[in-house]
Enquirer: 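Please see the structure below; I have some questions.
Chain A is the first sequence line, chain B the second, and so forth, proteins listed ahead of strands; every chain is numbered from 1.
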Amino acid sequence: MTEVSAVPLVNENHRHEEFNQMDGDYSRDSANFESSMEINESSNVIKEEPNNGSFEENMKNGAGNGHGPEKEQLKSPKKEDVSLGFIDLGYESDDDIPWAQRLAKAKQNGSGSEKKAKDKDREKEKNGKLKKKKKEDNDEDEEYKPEPKKKEKRKHKEESDNDYSEDDYKPAKKKQKKDKEKTKKTEVKKEKKTSSGGSQSQSQSQSQSPKKKKKPEDEEDVWEWWKEEKKPAGVKWNTLVHKGPLFAPLYEPLPSGIRMKYDGKSVDLSPATEEVATFYARMLDHEYTSKDIFNKNFFADWRKVMTSKEREMITDLKKCNFEKMAVYFKEQGEKRKEMTKEEKAKIKEQKDEEQKIYGMAIIDGHRQKIANFRIEPPGLFRGRGGHPKMGKLKKRIQPEDVIINCSKGGDVPQPPPGHKWKEVRHDNSVTWLCSWTESVLGSNKYIMLNPSSKIKGEKDYEKYETARRLKKRIGKIREAYQEDWKSKEMRVRQRSVALYFIDKLALRAGNEKDTDEAADTVGCCSLRVEHIKLHDEHDGKEYVVEFDFLGKDSIRYHNFVHVEKRVYKNLKIFMENKNGSDDLFDRLDTAMLNEHLRQLMDGLTAKVFRTYNASITLQEQLAKLTNPDENVHHKMLSYNRANRRVAELCNHQRAYKEKKKEVKEAKREKKDAKSGTAAHEKAKKKYLRLKEQLEKIETQMKDKDENKQIALGTSKLNYLDPRISIAWCKKFNVPVEKVFNRTQRDKFRWAIDMIMNDEDGDSYEF
DNA sequence: TCAACGACTTGATGGCAAATAC
DNA sequence: GTATTTGCCATCAAGTCGTTGA
């Protein structure tokens with residue numbers, strides 16, 4: 001496990017400040033929800049208008065505090081309001097949403113069973129309300145005994161105590177001719193395209209209209225799926241044609257002079273044994289090979305592929321010397337770098353050819369890029385953090401391991417000569433093209449389509465629409481979970497506190513996981529008592545919770561957060577009579593939490609809060625930081641700052657401190673090892689490598705200051721509604737290329753089209 | 001009923017080529 | 001022209017969440 005540092009991370013002070021600000025906003029938020037509701041009711045625009053801004057924004061501009069000016073704003077949402085951080089939705093009715101209307105409508109209408117479920121919910125709701133009235137406002141009402149095992153939790157059946165239904169929100173109507181016309185036009189265009197079929201016709205039609213000067217990215221077969229009817233639920237495609245996966249090249253034995261040494265003597269290994277040895281040799285410079293678990297796992301798996309003779313001889317990894325192999329691979333690498341232009345071009349050509357054949361699928365008549373058409377090559381498993389299986393052998397995947405998914409008919413991909421597929425399936429309820437079972441964890445791996453494809457894009461679009469729906473309900477949801485802090489039922493209290501953390505701190509849900517199979521990392525629901533410390537007072541603030549745990553990818557989350565008194569008191573109760581290794585929320589898990597969330601809003605799960613909070617923060621930060629009079633360069637600076645705020649919220653940070661500590665330890669190791677010995681050499685190498693890595697991070701920090709600390713790309717690609725960024729570009733005359741690179745533009749083509757081709761696109765509100 | 005599984009999204013990492021500096 | 005830096009992109013591990021079947 002990565003050792004944690006007692007010193008706060010570089011940008012933690014900043015974040016700490018920010019969270020403290022949030023706290024201020026938070027209380028304001030809930031206190032003023034009612035006033036915003038009243039306003040909207042009279043305005044007949046959006047009936048349900050909770051205070052839905054981010055905490056920070058609300059505090060700074062006072063949005064939703066029930067004073068005069070907001071009333072005016074809420075009554076008449078104008079384009080200009082965007083720059084003021086106005087928080088109402090720009091759209092007044094379904095029909096107002098360009099191109100999205102049919103998609104959204106299909107979803108809203110729902111199926112019969114969905115409706116029944118809602119009715120049932122309403123029944124439950126009534127009962128819940130009656131019960132609620134009787135509830136007393138006392139924290140210590142329920143005698144709380146921690147649950148011994150989470151497994152029993154599900155016995156406490158979820159009661160429906162929600163107060164909302166989808167129908168609560170009924171937007172006013174407004175005609176939208178323009179978009180209908182647009183949709184019509186595109187449909188005609190599409191018909192022309194598809195009538196002549198496939199990508200060829202696309203390029204033909206383009207060549208027929210030389211008037212339109214198109215950028216290279218528009219030259220491909222652009223499938224404007226967002227202007228089409230949605231497929232029935234569960235149907236992912238009607239026809240799917242592809243060439244199957246591309247397999248890793250076969251192993252080529254090393255030249256005769258390149259041999260591993262065992263106990264000082266060169267040994268000839270069988271090809272299979274040698275291949276696995278090369279996996280290790282290639283990683284010799286990597287920190288992994290200094291880890292005991294890695295070596296243990298590698299050696300055990302390596303021995304499995306050895307011949308009995310080899311197994312008899314090679315009994316100790318420490319006696320193996322892979323140096324010669326490692327040097328050879330380095331030399332090969334150098335040679336590759338020194339290749340002539342022509343040689344490089346030839347290789348590129350070959351790769352492009354592979355991409356052309358295997359990298360594309362035809363789905364419902366449209367050519368779509370495949371994300372990963374290569375079968376993962378064999379190698380050693382690189383689990384992160386303290387993964388118990390790191391170093392294990394990832395076996396070579398054969399066609400006999402691969403399941404193909406495609407249309408029925410003659411277009412089934414051919415397996416390589418002399419081989420056959422494990423199975424050929426025609427399952428159009430899934431999106432994958434090929435799948436196989438990976439040998440280390442036994443999990444399934446898939447070949448799927450590129451993010452620019454319809455299948456992925458549509459899902460992405462839906463994700464942001466769900467987050468936008470959450471925006472309309474967040475006020476009520478927050479109000480409800482605050483009320484639940486006082487619940488007599490321990491599971492309800494735990495759920496409400498967990499939800500508060502997920503909403504406020506953008507924590508992940510935290511599924512339970514098997515620590516024999518994966519590193520010991522946690523999320524919100526799986527937090528243990530040892531992961532938090534309560535400080536009655538810290539840094540001049542009351543009720544401070546110190547979080548310190550390893551989250552996804554074993555990245556440390558260390559943060560001091562001021563919380564409401566009631567949350568603090570609840571946490572104290574949750575921790576009573578427990579050991580550090582006990583679950584903090586012993587009566588909660590992600591399934592229960594999500595079941596509850598689903599009752600609050602259709603499609604709501606814990607991860608929607610991350611999308612919502614990230615997007616709303618970006619929108620507000622952009623509005624706050626952008627000065628329309630500045631040049632593009634300065635505007636971009638503002639954009640990156642806004643983006644960075646989001647990344648901070650989501651904890652996408654680089655572990656600078658961790659690296660620093662590693663370097664320190666490596667230095668000590670080097671000092672401890674006897675000079676001249678192999679151990680000393682190894683320690684020295686490790687130290688130099690880590691030092692170099694640290695220096696790189698430091699330089700980046702100095703050069704690019706703020707931005708390098710945070711992995712901006714992740715939030716940009718996964719959490720931020722791209723329409724916010726594009727609308728910002730449109731409004732402030734910043735080229736979209738400045739904000740999104742080629743890949744991102746491909747992925748977000750739907751959003752670019754929606755905003756850029758809409759007259760009111762620049763006033764888009766998340 | 002619930003653990004296990006399947007399908008999918010999220011996110012870190014590292015290699016490589018294009019851009020930039022010298 | 002060469003060295004260095006930067007950004008892009010592929011890769012694959014690690015999550016989330018809904019479904020399944022014992």
Side-chain angles (χ1 to χ4, degrees), chain A residues 149-155 157 234 236 286 333 336-337 339 341 344-345 347-348 351 355 359 369-377 379 381-385 387 389-390 394 403 405 427 429-432 435 437-438 440-451 455-456 459-460 463 508-514 517-519 521-526 550-555 589-595 597-598 603-608 610-611 614 647 650-655 693 696 699-700 703-704 707-708 711-719 740-744 746-747:
Chain A
K149 273 179 193 169
K150 272 211 166 168
K151 282 178 191 174
E152 288 170 38
K153 272 182 303 187
R154 290 195 187 93
K155 285 178 189 165
K157 216 187 148 203
K236 303 291 167 63
H286 204 286
R336 241 198 334 270
K337 273 185 206 164
M339 276 190 296
K341 258 188 181 176
K344 279 184 183 170
I347 290 173
K348 195 173 179 287
K351 276 204 152 181
Q355 163 80 35
K369 253 185 162 177
I370 296 172
N372 54 322
F373 57 89
R374 285 166 215 277
I375 293 268
E376 290 175 20
F381 179 72
R382 300 177 174 218
R384 299 186 192 131
H387 202 295
K389 299 214 167 174
M390 60 167 73
K394 261 176 70 173
I403 303 172
N405 193 30
D427 182 358
S429 70
V430 293
T431 65
W432 54 265
S435 79
T437 305
E438 162 258 5
V440 176
L441 301 166
S443 62
N444 289 347
K445 294 271 187 171
Y446 303 94
I447 288 183
M448 289 190 191
L449 293 175
N450 186 273
I455 278 183
K456 295 289 178 188
K459 213 61 195 303
D460 213 35
K463 175 179 77 185
R508 292 189 187 80
N511 285 311
E512 284 172 69
K513 52 194 274 197
D514 183 355
E517 293 288 315
T521 63
V522 296
C524 186
C525 293
S526 51
L550 296 180
K552 185 178 176 180
D553 294 315
S554 295
I555 288 181
D589 64 27
T590 53
M592 291 161 73
L593 180 68
N594 283 334
E595 200 181 321
L597 291 174
R598 228 184 347 266
L604 184 61
T605 62
K607 81 186 182 84
V608 179
R610 265 172 101 79
T611 315
C650 297
N651 198 39
H652 299 144
Q653 57 186 325
R654 303 217 165 127
Q693 286 170 354
K696 200 175 166 191
T699 324
Q700 283 170 346
D703 287 356
K704 280 264 169 166
N707 284 346
K708 277 293 162 182
L712 297 184
T714 295
S715 47
K716 214 186 228 183
L717 229 48
N718 297 311
Y719 292 117
F740 291 136
N741 66 33
R742 169 74 196 262
T743 320
Q744 290 161 342
D746 277 348
K747 176 174 177 179

Enquirer: Taking A:Asn594 for the side chain and A:Ala606 for the main chain, is one N or O donor matched with an acceptor at less than 3.5 Å?
Expert: yes
Enquirer: What is the distance from CG of A:Leu449 to P of B:dC8, rounded to the nearest Å?
Expert: 10 Å
Enquirer: Between A:Asn718 (CG) and B:dG11 (P), how many Å, whole number?
Expert: 5 Å
Enquirer: Nucleotides 4-6 of chain B: which of its N/O atoms have a protein N/O under 3.5 Å away?
Expert:
none

Enquirer: Give a yes or no on whether the backbone of A:Met448 and the side-chain of A:Lys456 come within a donor-acceptor separation of less than 3.5 Å.
Expert: no
Enquirer: Classify the nucleic acid contact of A:Lys389 as base, sugar-phosphate or nothing, counting any heavy atom under 4.0 Å across all strands shown.
Expert: nothing
Enquirer: Is the A:His387 ring parallel, tilted or perpendicular to the A:Phe381 ring (thresholds 30°, 60°)?
Expert: perpendicular
Enquirer: Answer yes if the side chains of A:Thr590 and A:Asn511 hold a donor-acceptor pair under 3.5 Å, and no otherwise.
Expert: yes
Enquirer: Side chain of A:Asp553, backbone of A:Ile555: donor and acceptor closer than 3.5 Å?
Expert: no
Enquirer: So how far is it from A:Asn718 CG to A:Thr611 OG1, rounded to the nearest 0.5 Å?
Expert: 8.5 Å
Enquirer: Map A:Lys348 and A:Ile455 onto DNA chain B by nearest heavy atom, then report which one ends up closer to the 5' terminus.
Expert: A:Ile455
Enquirer: I'd like to know if the side chain of A:Lys394 and the backbone of A:Arg382 have a donor-acceptor N/O pair within less than 3.5 Å.
Expert: no
Enquirer: Base, sugar-phosphate, or nothing: which does A:Thr431 touch, judged by heavy atoms less than 4.0 Å apart?
Expert: sugar-phosphate
Enquirer: Using a cut-off of 6.0 Å, state whether more than 12 heavy atoms not belonging to A:Lys351 lie near its atom NZ.
Expert: no
Enquirer: Quick one: A:Met592 CE to C:dG18 C1', roughly how many Å, whole number?
Expert: 17 Å
Enquirer: Can you measure A:Phe740 atom CZ to C:dG7 atom C1' for me and round it to whole angstrom units?
Expert: 16 Å
Enquirer: Any side-chain N or O of A:His286 less than 4.0 Å from the OP1 or OP2 oxygen of B:dT13?
Expert: no
Enquirer: Can you tell me how far the CD atom of A:Glu517 sits from the NZ atom of A:Lys389, to the nearest 0.5 Å?
Expert: 3.5 Å
Enquirer: Please work out if A:Lys337 contacts a base, only the sugar-phosphate, or nothing of the nucleic acid, heavy-atom cut-off 4.0 Å.
Expert: nothing
Enquirer: On DNA chain B, nearest-nucleotide positions of A:Thr611 versus A:Ser435: which is more 5'?
Expert: A:Ser435
Enquirer: Within the structure, does a side-chain N or O atom of A:Lys463 lie under 4.0 Å from either OP1 or OP2 of B:dT10?
Expert: yes
Enquirer: N/O contacts under 3.5 Å, protein versus nucleotides 10-17 of chain C?
Expert:
| unit_1 | atom_1 | unit_2 | atom_2 | d |
| --- | --- | --- | --- | --- |
| C:dT11 | OP1 | A:Arg374 | NE | 3.2 |
| C:dA13 | OP1 | A:Lys394 | NZ | 3.2 |
| C:dA13 | OP2 | A:Lys445 | NZ | 2.8 |
| C:dA14 | OP1 | A:Arg384 | N | 2.5 |
| C:dA14 | OP2 | A:His387 | NE2 | 3.3 |
| C:dG15 | OP1 | A:Thr521 | OG1 | 2.8 |
| C:dG15 | OP1 | A:Asp553 | N | 3.0 |
| C:dG15 | OP2 | A:Lys513 | NZ | 2.4 |
| C:dT16 | OP1 | A:Ala509 | N | 3.2 |
| C:dT16 | OP1 | A:Gly510 | N | 2.7 |
| C:dT16 | OP2 | A:Asn511 | N | 3.0 |
| C:dT16 | OP2 | A:Asn511 | ND2 | 3.1 |
| C:dC17 | OP1 | A:Thr605 | OG1 | 2.8 |
| C:dC17 | OP1 | A:Ala606 | N | 3.2 |
| C:dC17 | OP1 | A:Lys607 | N | 2.8 |
| C:dC17 | OP2 | A:Asn594 | ND2 | 3.0 |
| C:dC17 | O5' | A:Asn594 | ND2 | 3.4 |

Enquirer: Using whole Å, report how far NZ of A:Lys344 lies from P of B:dA18.
Expert: 9 Å
